[in-house]
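Each remark here refers to the structure printed beneath this line.
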Amino acid sequence: MNEQAKQDYKSTLNLPQTEFPMKANLPQREPEMLKFWADIDLYKAIRSVSKGKPKFILHDGPPYANGDIHAGTAMNKILKDIIVKYKTMAGFDSPYVPGWDCHGQPIEHNVEKQLGEKAKTISQVDFRKLCQDYAMRYVDIQREQFMRLGVSGDWFDPYLTLKHEYEATNVKTFGELYKRGLVYKRRKPIHWCVKDQTALAEAEIEYRDEVSPSIYVKFPLKSEFEPVKTFDEPKFIVIWTTTPWTLPANVAVAVHPEADYVAIRTAGEILIFAEARLEVVATETGIADYEVVAKFKGADMEFLKCEHPLFSEKESVVVLADYVGLDTGTGAVHTAPGHGQEDYLTGLKYDLPAPMPVDAAGHFTKEAGQFAGMYIIKANKAIIEYLKEKNLLPYDTEIAHSYPCCWRCKNPVVFRATEQWFISMDIDDLRKEALKSIADVRWIPDWSIRRINSMVEGRPDWCISRQRSWGVPIPVFYCGDCQEDVVTEETIKSVFELFVKDGADAWFDKSAEEILPQGYTCPKCSGKKFVKETDILDVWFESGVSHEGVLKTREELKWPADIYVEGSDQHRGWFQSSLMTSVGVYHRAPYDAVLTHGFVVDKDGRKMSKSLGNVVNPLDVIEKSGADILRLWVASSDYTVDVAISPDILKHVGDAYRRIRNTFRFMIGNLFDYDPETDAVAYDELLELDKWALHQMTQLLKTVTASYESYRFHGMYHAVYNFFTNELSSLYLDILKDRLYASAAGSRERRAAQTVLFEMLQVYTGMLAPVLAFTCEEAWSYLPEAVRKTRSVHLSEWPVLNEGYLDAELAARWDKILKIRGEASKALEEARNAKLIGNSLEARVELYVDGATKELLERYESQLAQMFIVSSVEVDRFEAAPAEVFKSDVIEALAIKVLPARGSKCERCWRYEDTVGESSQHKGLCARCAGVLTGA
RNA sequence: GGGCCUAUAGCUCAGUUGGUUAGAGCGCACCCCUGAUAAGGGUGAGGUGGCUGGUUCGACUCCAGCUAGGCCCA
């Protein structure tokens, strides 16, 4: 037989044919798919086929409209999209309305930087306009990027916190909370630049090296204190500070409750400070001669009263605080609630006043007595002098340390208490109500509830005011006559309506009288003049009302949401701000479930940072490999903990992707001549192996569905990937090749295989569509048009679980046969290594086995060669096994002998057959192949 | 410093109420095939279970401490 004839036989085979490319080329193909989705308006089409189905609402947490998306935001949106796509296919109407957080300090800051000097002269309204442009620019950029990920949603009608209606929502909710009595005003220290006379956010502070005074101050002890009461000398508690100018605002001295403190007697006085600081303090103050006369715990000193070192008529009380350290100072900390964050919290705990003797420009007020009018930094000297005179200053030097400074003018920043608005956690039991509501929510994973609980339990009142421009104003008026703040249903209604109509800009544009109803008078004093509040709301308040501004206002949505899906940092952020505004107004959470994911980190579990050089940019991944690779990476990872990404990890995901893609391609290629209308084979007519495959497929579908239902996507990823590798590629599809290629095109056995492949292709593209959004759509487009009931896989329904495909007995039988196949392949490998065979078709296999297994194998003896992909399989008794055989160590009493195949190689199907040569027309072929060609 | 969380083969993940030699797929090595071909098949080698103690007849699994890392506070 010459080469030409061999070629001819190849052409008689039914080899796969398809245009479905092996090489994915996703960076090019995905944009085409996006265009297709845009052309058919997929999102709208999904809405229309979902109409009337039960709702499943995943409410989007708004990312900040600044910068490009990063790996974390990409993962978040992909996770949400997987859920929404799955729920949609699973029979829900699941509209997804993405949102953006558009107000806030970072945008304001960036616009200010761009403006440079002009920032000082521009009007507030013009400035806000620039901020809006900035935010909208990034909304556009991020929209494009999210869409590129394959995330489907109402992208051209998203919710934006800067939209008029949304801004008005803040007013409504604020009004409700105010009405309930939860809103109050109180002084709280904030970062303040006395040169620019403005409040600063944390991000606007730079740390610079500064030189400050470093002094010890003696606070005269007024109370009787048991451990030292037998001594007549004057007694002092010694504190250390680097900010003498904050002493006028001192109200307390904080000590650590568990630390040891000592009283020492020296030169006619008793000094009290931490034992751990004894040597250092003694050295620094030059006390050579002293005697420790008492030792006690910090807790013993609680509530002792001292005389204020600057104002003898005032008192300073000893309080306990865990943050008091013993590495520096004296272990006794000067506490001024108006000048420090920790001091402030301690003040709240002890119900201390928070005097603020410093004005906006950094000058002492008359509250500071003899220091009134002095600039605070300069006052340091005067205060030190005064303390020296009173002999209350045993130590006085300078220290260089890093100190917070203003990003703009580089001058030191001070903490200064100013009036702020708060939402109380406890006035009307908001905290208790929130904790109760938390218990009614499903938190995934389950540790999530512990986290939110402990945070809500321990959180301070919510400070909702900011001294800023780019945001929603706090809708409060002050009476020009009685100074009372005025918030009534009437005022709220007028502000609400104004914002709906003209947006929050109107607040800055119009006078109080223009905003209020005509002739409005103060409910308290009937005054007619009003002043507007200048503070704006915390952006967390704004995003926290999205359930009101979005879920309750958009007809396609519902309140409460079925689920919120965000990173674990949102326990402090959005989960909580949403909870508080919702509980505050509606007495329940705005969500039924909350799903939390971890952060994206590098392969070593470290956070991504420029300095570590481990940043993976999702846009680069899309450009190089495609969004489906990113989506598969998300699905392959356990997102309940931190998720690692690296070029190496993405390479592995790419390998997995190719295996899945090629499996699709094989199925598609073998269906080129299959018409489901006419060629389908009834279940009862299928071969047993086909039924086994359908059974396995159905089991897989069960597993996969359960994984999606429990949001365990990596579980489904592993199940599918293992299935594609073990059950399909290495088993079913490999065995099927002979049947598909060599059987007569229209034969029952070939059509049976195609029937199964066709069924599988639909099920597998369907179950993977929520993850491989692009690839499954592409594969779907290769299905015969007649059976594609929908234009897009994303419009199709979740694969139907056909219980009729389940046949446990049959599956058990075949699992056993296939297990023996596994043993045979070990024996074949030994023969291959011994150069006895190459291709397994060159082998003939003898199985030596007893009992039930023997009966089973004999029952299927004629099919075994095909199953093992060898030329023949014979079964005999175990004792009949020759001496030199492969003995299984997995299956008892199983011996396998591998021999060269009998007969000759069929030039068409490559099997070795005794029947080769029997046909007069086709001398090189086996009986089966000859029959196929002659049509016998 | 505090709260919550994580730590199983190179990678991604499983590991049932503590109980025989800790599993899977990928990757890797070697081999086969060249009719899924920048594919496909087979076999095999990889783990002192972050570390240190403790409880127990027995711990990857329970307890304590430590180390490394993450989020949020301070």
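Order of the sequence lines sets the chain letters (A, B, ...), proteins ahead of strands, with each chain counted from 1.
- Remark: ring of A:Tyr721 does not overlap the six-membered base ring of B:G25 in a stacked fashion, as centroids less than 5.5 Å apart with planes less than 30° apart are not both met.
- With no hydrogens or angles considered, no side-chain donor-acceptor pair links A:Arg665 and A:Thr18 at under 3.5 Å.
- B:U37 and B:C51 have their C1' atoms separated by 49 Å, with the value rounded to a whole Å.
- Legend: residues meeting side chain to side chain contact (heavy atoms under 4.5 Å, CB included) with A:Ser577, ordered by chain and number and at least two apart, are A:Trp462, A:Trp540, A:Ser543, A:Trp574.
- Listed pair A:Tyr323 / B:G2 fails the phosphate criterion, with no side-chain N or O lying under 4.0 Å from OP1 or OP2.
- Close to B:G42, at under 4.0 Å from its OP1 or OP2, lies a side-chain N or O of A:Ser730.
- Distance from the side chain of A:Met22 is smallest for B:U37 among the nucleotides B:C4, B:G41, B:U37.
- Neither OP1 nor OP2 of B:C32 sits under 4.0 Å from any side-chain N or O of A:Arg832.
- For A:Asp734, the side-chain atoms get nearest to B:G40 when compared with the rest of B:A36, B:C13, B:G40.
- Heavy atoms of A:Asn726 sit under 4.0 angstrom from primed sugar atoms or phosphate atoms, though from no base atom.
- For the pair A:Ile660 CD1 and B:U12 C1', the computed distance is 13 Å after rounding to whole Å.
- A:Arg908 comes within contact range of at least one nucleobase, with a heavy-atom separation under 4.0 Å.
- Nucleic acid contact for A:Leu13: base, since at least one base atom lies under 4.0 Å from a heavy atom of the residue.
- Judged by distance alone with a 3.5 Å cut-off, a donor-acceptor contact links the side chain of A:Arg451 to the base of B:C71.
- Listed nucleotides B:G70, B:C71, B:G3 differ in distance to A:Val601; the shortest reach to its side chain belongs to B:G70.
- Residue A:Lys10 has its side chain nearest to B:G35 when only B:A74, B:A36, B:G35 are considered.
- Each of B:C71, B:G35, B:U12 was ranked by its minimum atom distance to the side chain of A:Ala644; first place goes to B:U12.
- Listed nucleotides: B:A74, B:C5, B:A38. Nearest to the side chain of A:Glu342: B:A74.
- The side chain of A:Arg459 places no N or O atom within less than 4.0 Å of a non-bridging phosphate oxygen (OP1 or OP2) of B:A74.
- Between B:G40 and A:Arg659, a contact under 4.0 Å exists linking OP1 or OP2 to a side-chain N or O.
- OP1 or OP2 of B:U43 sits under 4.0 Å from a side-chain N or O of A:Ser825.
- Geometrically, A:Arg631 does not engage A:Tyr657 in a cation-pi contact, judged by NZ or CZ lying under 6.0 Å from the ring centre and within 45° of the ring axis.
- A residue-by-residue look at A:Phe664 and A:Ile837 shows that A:Ile837 has its nearest nucleotide of RNA chain B further toward the 5' end.
- Taking the side chain of A:Lys826 as heavy atoms from C-beta on, and the options B:C13, B:C32, B:U43, the nearest nucleotide is B:U43.
- Within 4.0 Å of A:Met667, counting heavy atoms only, lies no atom of the nucleic acid at all.
- At a threshold of 4.0 angstrom between heavy atoms, the contacts of A:Trp910 include nucleobase atoms, whether or not backbone atoms are also involved.
- For A:Thr18 and B:A36, a side-chain-to-base donor-acceptor distance below 3.5 Å is absent, hydrogens and geometry of angles not being considered.
- Side-chain proximity of A:Arg665 to the nucleotides B:U37, B:G27, B:U43 is greatest for B:U37.
- Nearest heavy atom pair, residue A:Pro337 against residue A:Tyr344, reads O-CB, 3.5 Å.
- Comparing the C1' positions of B:U17 and B:U56 gives a spacing of 16 Å, expressed to the nearest Å.
- For A:Asp638, taking side-chain heavy atoms from C-beta onward, the closest of the listed nucleotides B:G10, B:A14, B:G40 is B:A14.
- A stem is defined here as three or more consecutive Watson-Crick or G-U pairs, each with both distances under 3.5 Å; for RNA chain B these stems are B:1-7 with B:67-73, B:10-13 with B:23-26, B:28-32 with B:40-44, B:50-54 with B:62-66.
- A:Gly838 comes within contact range of the sugar-phosphate backbone alone, with a heavy-atom separation under 4.0 Å but no base atom that close.
- Between the side chains of A:Asp690 and A:Tyr732, at least one donor-acceptor pair of N or O atoms lies under 3.5 Å.
- Regarding contacts with the backbone of B:G70, every side-chain N or O of A:Arg606 stays at 4.0 angstrom or more from both OP1 and OP2.
- For B:C71, one of the phosphate oxygens OP1 or OP2 lies less than 4.0 angstrom from a side-chain nitrogen or oxygen of A:Lys607.
- Considering only side-chain N and O atoms, A:Thr640 lies nowhere under 4.0 angstrom from the phosphate OP1 or OP2 of B:C5.
- Partner A:Phe758 forms a ring-ring contact (aromatic ring centres under 6.0 Å, His included) with one of A:Tyr782, A:Tyr764, A:Phe672, A:Tyr674 and no other, that one being A:Tyr674.
- Counting non-hydrogen atoms of other residues, nucleotides and ligands closer than 6.0 Å to CD of A:Gln28 gives a total above 12.
- Side-chain proximity of A:Arg572 to B:G42, B:C72, B:C13: nearest is B:C72.
- Note on A:His714: a side-chain N or O is less than 4.0 Å away from OP1 or OP2 of B:A14.
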